[in-house]
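Every chain is numbered from 1, with letters handed out A, B, ... down the list of sequences.
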There are 2 protein chains.
Amino acid sequence: MNIEKRKRLEAAGWVSGDAADFLGMSPEEARLLKIKLNLAREIESQRKKKGISQTVLAAQNDMKQPNFARLKKNPERVTMDVLFKILLSLGNSPKRIAALF
Amino acid sequence: MNIEKRKRLEAAGWVSGDAADFLGMSPEEARLLKIKLNLAREIESQRKKKGISQTVLAAQNDMKQPNFARLKKNPERVTMDVLFKILLSLGNSPKRIAALF
DNA sequence: TTATAATATATCATTTTTGATATAGACCGT
DNA sequence: ACGGTCTATATCAAAAATGATATATTATAA
């Protein structure tokens with residue numbers, strides 16, 4: 001999302017995660033955000049299922065734990081690229097990932 | 001792709017688009033790149049089919065033509081996010097996009 | 001051929017994402 | 001309560017993506 005737009009929304013009491021996230025977004029952007037949320041949730045779900053820590057999964061993807069944690073809280077500020085890469089590293093096929101759309 | 005890595009490769013005679021693109025990339029990164037290539041090709045294909053110019057399609061996505069042209073030549077330097085958004089704007093459903101993986 | 005539109009390439013500024021670090025809080029087991 | 005691990009949050013630096021502009025090349029129609 002555009003940073004200026006976000007700042008305006010935040011000044012108006014907007015909080016990341018609200019339904020108001022979608023204010024000012026194009027339908028395409030809103031759709032993309034929903035998908036990102038799905039992917040991020042799936043990553044956490046699979047990680048827990050496997051019983052590995054954020055630290056370990058992050059390391060497997062050349063990331064540090066705090067940066068990994070970020071995609072859980074703020075998936076809208078993460079590119080699909082990293083979500084995709086992490087899901088692949090968890091063993092998901094592109095088809096399986098596509099099913100999350 | 002990492003910019004330093006690319007610089008090293010280019011210094012060694014590497015050219016964007018080569019099979020050598022994959023040198024030094026993780027399997028996940030290579031897979032992601034292939035998918036991006038598919039998406040970029042599909043965008044151009046659909047654009048031509050519709051008979052609209054790069055300038056117009058770019059404008060519909062709040063882009064300028066030269067930046068649009070970039071994703072055709074260097075999809076590895078474009079996030080999935082923009083490829084995705086453009087495909088949505090062309091009327092593709094997420095499922096349809098997923099089928100390109 | 002010339003004019004016009006379309007596409008490609010190059011470059012630099014700007015914005016955004018990502019990396020890195022420090023640190024706080026939560027949640028155990030002992 | 002203490003020590004350890006895991007997770008969350010904040011912040012700043014670094015890297016990368018994107019925006020914007022100028023201009024070159026190519027294609028096409030008159």
Trainee: Just jot down the ring pair (Phe, Tyr, Trp, His ring centres under 6.0 Å) partners of A:Phe101, sequence neighbours excluded, or say none.
Mentor: B:Phe84, B:Phe101
Trainee: Rounded to the nearest angstrom, tell me the gap between atom CG in A:Leu71 and atom C1' in C:dG19.
Mentor: 14 Å
Trainee: Checking side-chain contact (heavy atoms from CB on, under 4.5 Å) for the pair B:Gln46/B:Asn92: CA distance, chi angles, key distance, verdict?
Mentor: CA-CA 10 Å; B:Gln46 293 189 17; B:Asn92 297 277; 2.9 Å; yes
Trainee: Do the charged groups of A:Lys85 and B:Glu29 touch, with an N to O distance under 4.0 Å?
Mentor: yes
Trainee: Which whole-number value in Å describes the distance from A:Lys73 NZ to D:dA8 P?
Mentor: 8 Å
Trainee: Between D:dA20 atom C1' and B:Met63 atom CE, what is the distance in whole Å?
Mentor: 12 Å
Trainee: What residues in residues 50-57 of chain A put a non-hydrogen atom under 4.0 Å from any atom of DNA chain C?
Mentor: none
Trainee: Begin with the C-alpha distance, continue with both residues' side-chain angles, and end with the deciding distance and a verdict on salt bridge (charged side-chain N to carboxylate O under 4.0 Å, His left out) for A:Glu44 and A:Arg47.
Mentor: CA-CA 5 Å; A:Glu44 273 301 271; A:Arg47 180 183 67 80; 2.8 Å; yes
Trainee: On the nucleotide C:dT7, are OP1 or OP2 found under 4.0 Å from the side-chain N or O atoms that B:Arg47 carries?
Mentor: yes
Trainee: B:Arg70 CZ to C:dA10 P: how many Å, rounded?
Mentor: 12 Å
Trainee: Among residues at least two apart in sequence or on other chains, which ones pass side-chain contact (heavy atoms from CB on, under 4.5 Å) with B:Ser89?
Mentor: A:Glu28, B:Leu57, B:Asn61, B:Ile86
Trainee: Check the distance between C:dT18's C1' and A:Glu76's CD and give it to me in whole angstrom.
Mentor: 15 Å
Trainee: Under 4.0 Å between a side-chain N or O of B:Lys72 and OP1 or OP2 of C:dA8?
Mentor: yes
Trainee: May I have the distance from A:Lys48 (atom NZ) to D:dC6 (atom P), rounded to whole angstrom?
Mentor: 14 Å
Trainee: Rounding to a whole Å, what distance do you find between A:Asp62:CG and C:dG19:C1'?
Mentor: 11 Å
Trainee: Could you grab the distance from atom CG of B:Asn38 to atom CG of B:Leu100, nearest 0.5 Å is fine?
Mentor: 7.0 Å
Trainee: As an exercise, state the distance from CD1 of B:Ile97 to CG of B:Leu88, rounded to the nearest 0.5 Å.
Mentor: 4.0 Å
Trainee: Please list each protein N or O that sits under 3.5 Å from an N or O in nucleotides 21-27 of chain C, with the distance.
Mentor:
none

Trainee: Report the C-alpha separation of A:Glu42 and A:Arg96 in whole Å, then their side-chain angles, then the decisive distance to 0.1 Å, and conclude whether the salt bridge (charged side-chain N to carboxylate O under 4.0 Å, His left out) test is met.
Mentor: CA-CA 11 Å; A:Glu42 184 67 13; A:Arg96 170 84 184 86; 3.0 Å; yes
Trainee: Grab the N/O contacts between the protein and nucleotides 25-30 of chain D below 3.5 Å, and write none if there aren't any.
Mentor:
none

Trainee: With a 4.5 Å heavy-atom cut-off, do A:Leu32 and A:Met80 have their side chains touching?
Mentor: yes
Trainee: Residues of residues 79-88 of chain B with any non-hydrogen atom less than 4.0 angstrom from an atom of DNA chain D: list those, numerically ordered, please.
Mentor: B:Thr79, B:Val82
Trainee: Do B:Val78 and B:Pro75 have side-chain heavy atoms sitting under 4.5 Å apart?
Mentor: no
Trainee: Pair A:Thr55, A:Phe68 - check side-chain contact (heavy atoms from CB on, under 4.5 Å), show working.
Mentor: CA-CA 8 Å; A:Thr55 305; A:Phe68 181 93; over 6 Å; no
Trainee: Nearest-Å distance, CG (A:Asn61) to P (C:dA20)?
Mentor: 14 Å
Trainee: Among the nucleotides C:dT17, C:dA20, D:dT9, which one has an atom lying closest to any side-chain atom of A:Arg77?
Mentor: C:dT17
Trainee: Test A:Arg77 against A:Leu71 for side-chain contact (heavy atoms from CB on, under 4.5 Å), laying out the working first.
Mentor: CA-CA 7 Å; A:Arg77 294 202 204 178; A:Leu71 66 86; over 6 Å; no
Trainee: Taking C-beta and beyond as the side chain, do B:Pro94 and A:Ile35 meet within less than 4.5 Å on heavy atoms?
Mentor: yes
Trainee: Please assess A:Leu83 against A:Lys36 for the test side-chain contact (heavy atoms from CB on, under 4.5 Å), listing each intermediate value before the final yes or no.
Mentor: CA-CA 8 Å; A:Leu83 297 170; A:Lys36 284 188 186 181; 3.9 Å; yes
